[in-house]
Asks: 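Here it is, the structure, as structure tokens.
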Amino acid sequence: MTAFPGPIDPPTRLLMGPGPISAYPSVLRAMSAPLVGQYDPFMTAAMTETQELYRGVWATGNEATLLIDGTSRAGIEAAIVSLVRPGDRVLVPVFGRFGHLLAEIAERAMAEVHTIETAWGQVFPVSVIEEAIVRVKPTLLALVQGDTSTTMNQPLDEVGAICARHGVLFYTDATASLGGNPFEADAWGLDAATAGLQKCLGGPSGSSPLTLSDRAVEVVRSRTRVEAGIREADDVSATDFVRSNYFDLGMILDYWGPRRLNHHTEATSMLYAARECARVLLIEGRDAVIERHRVAGAAMLAGVQALGLEVFGDLAHKMNNVVAVEIPAGVPGDEARRAMLEDFGIEIGTSFGPLHGRVWRIGTMGYNAREDAVLTTLAALEAVLRRFGASVPTGGGTDAAADVFRSS
Ligand SMILES: *Cc1c(COP(=O)(O)O)cnc(C)c1O
């Protein structure tokens with residue numbers, strides 16, 4: 001007889017890493033709602049509602065606001081392959097792992113990619129970005145907002161005006177930052193922005209919210225191809241069409257727009273999840289959610305510092321929702337993380353590239369940007385640090401964090 005595995009039954013975890021994080025319970029409930037057909041009036045209405053909810057999340061009036069089916073990387077790829085023609089110059093300021101990802105994707109899209117770099121733990125002054133724009137003359141600036149690999153939050157508020165002045169399209173990857181830090185798509189002059197659910201939005205990975213300005217829609221439209229059997233002969237038939245079917249934003253726009261031209265089958269349960277993430281965010285209020293992330297992040301920072309731990313990076317530009325904590329000398333980083341997980345059910349993050357083995361990344365995002373989650377994590381961290389021989393003040397971390405919550 002074959003022994004089949006039992007039904008899925010995950011352990012209880014408190015996900016306090018850089019993402020994915022524990023989803024809002026209502027998001028998980030939304031995902032278990034029954035399926036409907038792709039053109040059921042309920043489904044098309046839910047798609048339209050979701051678009052309007054995300055206009056609120058992005059702070060935009062952009063008609064072209066929708067979801068890409070796939071993780072955040074799918075949104076990034078859709079934006080870049082649809083906006084960039086082979087040979088176009090793309091400028092990518094790199095301040096962490098995800099800047100390298102934008103450059104890599106732009107290269108695959110056959111762009112002429114130019115990067116500028118700053119040290120991990122720093123952000124770019126806008127003047128440096130403008131100088132590079134003047135020198136490179138790109139068609140597109142692709143810039144990460146919050147890079148979880150370094151915890152830095154690149155200021156974007158003045159970059160859109162610079163791009164507009166130089167006729168450059170402005171795209172940002174806001175996956176790590178959206179919903180936990182200020183974001184203003186229209187006021188900051190964004191032409192394209194993408195995200196994911198598994199950070200501050202409090203959902204699972206697998207759906208990528210995206211918004212496009214009218215200027216970006218024009219570029220995308222000029223590159224959309226006729227798909228035989230679906231589109232009419234009078235549709236645009238570009239010669240420099242987008243070299244991806246799944247990520248052709250023009251086709252995806254026609255699926256979400258009034259024509260509802262068939263493209264992929266919208267991932268129904270992920271649509272329910274994304275809709276619920278935006279709904280809970282807007283009901284709490286955009287400013288209130290960001291403030292909750294600010295307070296939880298400040299409490300976690302105060303807590304780890306009170307335990308005597310050093311924190312990596314320029315704290316003036318740290319994202320609200322994640323902190324990079326230096327692993328104390330003599331403490332085995334991976335073993336300590338394993339003890340957090342196995343003995344306390346708490347996940348904290350490791351790190352990439354130059355920070356690998358040097359820092360843990362601890363997140364306070366979405367549903368887990370909460371006092372009890374912060375205090376529980378600090379109490380467990382204190383116990384684990386002591387077990388591995390670090391001398392830490394008893395109760396120091398939780399006391400300092402609780403003070404931050406009490407005084408805000
Ligand atoms: C976490 C993160 C991603 C994740 O991409 P996935 O495809 O969802 O794994 C992308 N960009 C940034 C800036 C991130 O922080």
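Both ligands and their constituent atoms are indexed starting at 1 by order of listing.
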Asks: What residue and atom, counting heavy atoms only, is the protein's closest point to atom 14 (C) of ligand 1, and at what distance?
Replies: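 The protein heavy atom lying closest is Lys199 NZ, 3.0 Å.
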
Asks: Check whether any N or O atom of Asp147, backbone or side chain, sits under 3.5 Å from an N or O atom of ligand 1, and answer yes or no.
Replies: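 No.
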
Asks: Do Arg361 side-chain atoms and Thr350 backbone N/O form a donor-acceptor pair below 3.5 Å?
Replies: yes

Asks: Please verify the inter-ring angle class for His263 with Tyr255; under 30° counts as parallel, over 60° as perpendicular, anything in between as tilted.
Replies: tilted

Asks: Would you mind checking which non-hydrogen protein atom is closest to atom 5 (O) of ligand 1, with the distance to 0.1 Å?
Replies: Ser72 CB, 3.3 Å

Asks: Starting from atom 13 (C) of ligand 1, locate the nearest protein heavy atom and write down its residue, its atom name and how far away it is, to 0.1 Å.
Replies: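 That would be Asp173 OD2, 3.2 Å.
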
Asks: Less than 3.5 Å apart, any donor N or O on the side chain of Tyr54 or Thr60 sitting next to an acceptor on the other?
Replies: no

Asks: For residues 160-174, pull every pair meeting salt bridge (Lys or Arg N to Asp or Glu O under 4.0 Å), keeping only residues two or more places apart or in separate chains.
Replies: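 Sorted result for residues 160-174: Glu130-Arg165.
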
Asks: Which of the numbered atoms in ligand 1 are below 4.0 angstrom from a heavy atom of Arg73?
Replies: 5 (O), 6 (P), 7 (O)

Asks: Name all pairs fulfilling the side chain to side chain donor-acceptor pair (under 3.5 Å) condition that reach into residues 331-347, sequence neighbours left out, sorted by first residue then second.
Replies: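 Listed by first then second residue: Asp343-Arg387.
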
Asks: Looking at Phe388, is Arg386 sitting on its ring face, NZ or CZ under 6.0 Å from the six-membered ring centre and within 45 degrees of the normal?
Replies: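 Pair Arg386/Phe388 does not count as cation-pi.
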
Asks: Taking all heavy atoms of Thr175 and all of Gly196, pick out the closest pair and write down the distance.
Replies: CG2-N, 3.8 Å

Asks: How far is atom 10 (C) of ligand 1 from the closest protein heavy atom, and which atom is that?
Replies: Phe98 CE2, 3.5 Å

Asks: If we set the cut-off at 4.0 Å for heavy atoms, which region of Gln145 has an atom near ligand 1: side chain, backbone, both, or neither?
Replies: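 Neither; no heavy atom under 4.0 Å.
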
Asks: Write out the residue and atom name of the closest protein heavy atom to atom 9 (O) of ligand 1, then the distance separating them to 0.1 Å.
Replies: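 Result for atom 9 (O) of ligand 1: Gln198 NE2, 3.8 Å.
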
Asks: Under 4.0 angstrom from ligand 1, any heavy atom of Ala174?
Replies: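 No, Ala174 has no heavy atom closer than 4.0 Å to ligand 1.
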
Asks: For Ala176, take its heavy atoms, then give the atoms of ligand 1 lying under 4.0 Å from any of them.
Replies: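 Listed by number with element: 15 (O).
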
Asks: With heavy atoms of Gly146 as the reference, note each atom of ligand 1 found under 4.0 Å away.
Replies: 13 (C)

Asks: Under 3.5 Å between some N or O of ligand 1 and some N or O of Ser205?
Replies: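 Between Ser205 and ligand 1 (N or O atoms, distance only) the closest approach is not under 3.5 Å.
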
Asks: The test is salt bridge (charged side-chain N to carboxylate O under 4.0 Å, His left out); show your working for Arg286 and Glu184 and say whether it passes.
Replies: CA-CA 11 Å; Arg286 245 164 46 94; Glu184 303 285 337; 2.8 Å; yes

Asks: Looking only at the side chains, is there a donor atom on one of His293 and Glu291 sitting less than 3.5 Å from an acceptor on the other?
Replies: no

Asks: What is the closest protein heavy atom to atom 7 (O) of ligand 1, and at what distance does it sit?
Replies: Thr71 OG1, 2.6 Å

